[in-house]
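First up is the structure itself, then whatever we jot down about it.
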Number of protein chains: 2
Amino acid sequence: MAKRSYKQNCALARSVDVVGERWTLLLIRDLLVAPRRFRDLLQSQKGIGTNLLAARLKELESAGLIERRTEDGGVHSYALTQSGIALEPAVLALVRWGLAHGPKNQPGDHHQDDWDLVALKALFQSQRAGDLLLTVQFETDGLTGWMAIAGGVVTIGLGRVPDADLVIDGTIGELFVASENPETLLTAGSPEMLKRYMSVFALRS
Amino acid sequence: MAKRSYKQNCALARSVDVVGERWTLLLIRDLLVAPRRFRDLLQSQKGIGTNLLAARLKELESAGLIERRTEDGGVHSYALTQSGIALEPAVLALVRWGLAHGPKNQPGDHHQDDWDLVALKALFQSQRAGDLLLTVQFETDGLTGWMAIAGGVVTIGLGRVPDADLVIDGTIGELFVASENPETLLTAGSPEMLKRYMSVFALRS
DNA sequence: CGGAATCCTCTTCGATACTG
DNA sequence: CAGTATCGAAGAGGATTCCG
């Protein structure tokens with residue numbers, strides 16, 4: 001069965017032919033943070049069903065956006081290829097649109113802290129960072145992840161970095177939205193550095 | 001019936017809840033060039049079916065991305081709101097991805113020249129334009145449209161502009177891709193100005 | 001245990017016919 | 001011209017089962 005296509009000779013239509021199906025961009029978002037295993041994705045995308053997840057992963061693999069790796073012990077993990085990573089600007093643009101113009105969050109919605117890592121990256125302003133050079137570690141039940149800023153570029157990931165300049169005992173939401181005194185969340189690093197760090201993002205008013 | 005949602009508390013998911021359904025982004029693309037009538041969209045999006053087009057337009061209207069205007073004579077037209085226009089960066093990012101990483105164009109695909117206007121805008125490089133100030137008119141069977149560059153910003157539209165600096169008797173594809181001697185397509189304007197114009201875009205190699 | 005295949009129900013899509 | 005109504009086909013969603 002040939003894949004469904006809009007059959008329009010247009011770059012947008014060809015993009016949407018690949019990433020426009022249900023769940024696809026959300027899978028890309030998860031993989032932009034780190035490689036994932038089948039069960040990670042299944043848990044993140046509540047409601048997808050194993051058959052549909054398997055189908056999407058196969059489509060993305062044959063389209064060359066992800067590759068399936070076999071790790072020690074025979075478990076598989078899925079990681080973005082260069083072509084998949086190249087979707088990041090489009091994903092971040094959609095994140096920014098969602099923050100500024102999208103619908104409001106509904107109370108019962110599922111939430112995963114690592115999604116905020118992507119949202120924060122979308123709000124990063126290179127010109128505000130200047131030559132800022134620092135790494136930040138986030139630590140809570142829902143998230144063990146980091147963000148590094150260097151050369152006007154931001155990088156994110158899961159896990160721990162060795163010598164973080166800031167260690168934050170809280171989520172990104174707690175830090176940027178809910179906290180009046182963000183320095184109280186600091187486990188390591190100075191409040192001044194935290195202030196400088198927070199100044200490089202364009203948070204909505 | 002409530003609209004289907006991923007129910008994820010994530011800006012990307014909320015964006016995709018609004019614009020992730022089939023045909024939606026392609027409609028936005030068409031409306032980024034100019035307001036359109038029902039029949040225009042129906043013709044552009046081959047295969048959509050009138051019921052689905054009507055449903056999508058209603059969804060987009062109630063999400064606040066487009067508005068339905070009643071023009072003189074009682075005909076309706078659909079135009080993007082500010083919230084809809086704000087999707088342009090995301091659309092252009094997807095266009096760039098499609099050009100660089102998307103699947104190849106298939107021979108039988110439908111093509112519409114005004115789509116190229118959007119693609120060209122996606123390839124515009126503000127820093128290459130500098131203080132360039134000019135308007136370009138495209139004229140062929142399939143397209144009567146224009147592009148203006150001013151202050152490092154590019155604007156596009158359908159129809160005619162009064163005093164174009166360049167008038168090109170051909171499509172964007174003919175000009176940028178298929179022509180060895182692009183100046184032969186000039187109806188008005190100097191070959192030097194055409195060369196300068198073409199230099200502000202990042203065409204793929 | 002990780003993931004693929006099966007089955008069944010429900011929703012959405014796509015094409016055509018029809019109506020104000 | 002701008003939609004609505006209808007209906008068969010395709011896709012999505014959920015549970016369960018199979019397989020290495």
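Values below: all heavy atoms of this structure, side chains included; hydrogens, waters and symmetry mates excluded. Sequence lines set the chain letters: A, B, ... in the order given, protein chains first and strands last, and positions in each chain run from 1.
Across all strands, A/Gly47 comes closer than 4.0 Å only to sugar-phosphate atoms, never to a base (heavy-atom distances).
In this structure, A/Leu42 atom CG and D/dA15 atom C1' are separated by 13 Å, rounded to whole Å. If you take CD of B/Gln45 and C1' of C/dC13, they are 15 Å apart, rounded to a whole angstrom. Rounded to whole Å, the distance from CG on A/Leu53 to P on D/dG14 is 13 Å. Put simply, CG on A/Leu41 is 12 Å from C1' on C/dG3, counting in whole angstrom units. The distance between atom CG of B/Asp40 and atom P of D/dC1, rounded to the nearest whole Å, is 10 Å. To the nearest angstrom, P of C/dA4 lies 13 Å from CD of A/Glu59. A/Leu52 has its CG atom 15 Å from the C1' atom of C/dT6, to the nearest Å. Note: CZ (A/Arg56) to P (C/dA4) measures 14 Å, nearest angstrom.
Separation of atoms CD1 (A/Ile168) and CH2 (A/Trp146) is listed at 14.5 Å; rounding is to 0.5 Å. One distance of note links CZ of A/Arg29 with CG of B/Leu12; it measures 6.0 Å at 0.5 Å rounding. Distance check: A/Glu59 CD to A/Leu52 CG gives 8.0 Å after rounding to the nearest 0.5 Å.
The minimum heavy-atom distance linking A/Ala164 with A/Val136 is given by the pair CB-C, 4.4 Å. Among all heavy-atom pairs drawn from B/Pro103 and A/Val18, the shortest one is CD-CG2, 3.5 Å. Nearest heavy atoms, B/His101 versus A/Ala86: NE2-CB, 3.3 Å. Taking all atoms of both residues into account, the shortest heavy-atom contact from A/Ser5 to B/Arg22 is O-NH2, 4.4 Å.
There is a side-chain donor-acceptor pair under 3.5 Å between B/Ser44 and B/Asp30. In the model, A/Asp165 has no side-chain atom that pairs as donor or acceptor with a side-chain atom of A/Gln137 under 3.5 Å.
The bend of the helix from C/dC1-D/dG20 to C/dG20-D/dC1, defined by the angle between the axes of its first five and last five pairs, stands at 30° to the nearest 10°.
At least one side-chain nitrogen or oxygen of B/Arg4 sits closer than 4.0 Å to the OP1 or OP2 atom of D/dG13. A/Arg37 has no side-chain polar atom (N or O) that falls below the 4.0 Å cut-off from OP1 or OP2 of C/dG3.
We find that B/Arg69 and B/Glu67 are joined by a salt bridge, their nearest charged nitrogen and carboxylate oxygen being less than 4.0 Å apart.
Residues of residues 14-35 of chain A having a heavy atom closer than 4.0 Å to DNA chain D, listed by number: A/Arg22, A/Trp23.
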When you compare the protein's N or O atoms with those of nucleotides 3-6 of chain D, which come within less than 3.5 Å of each other, and at what distance?
residue: D/dG3; atom: OP1; partner: B/Arg68; partner atom: NH1; Å: 2.3
residue: D/dG3; atom: OP2; partner: B/Tyr78; partner atom: OH; Å: 2.5
residue: D/dT4; atom: OP1; partner: B/Lys58; partner atom: NZ; Å: 3.1
residue: D/dT4; atom: OP2; partner: B/Lys58; partner atom: NZ; Å: 3.2
residue: D/dT4; atom: O4; partner: B/Thr50; partner atom: OG1; Å: 2.4
residue: D/dT6; atom: O4; partner: B/Asn51; partner atom: ND2; Å: 3.0

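Ring geometry for A/Trp115 versus A/His110: interplanar angle over 60°, hence perpendicular rather than tilted (30 to 60°).
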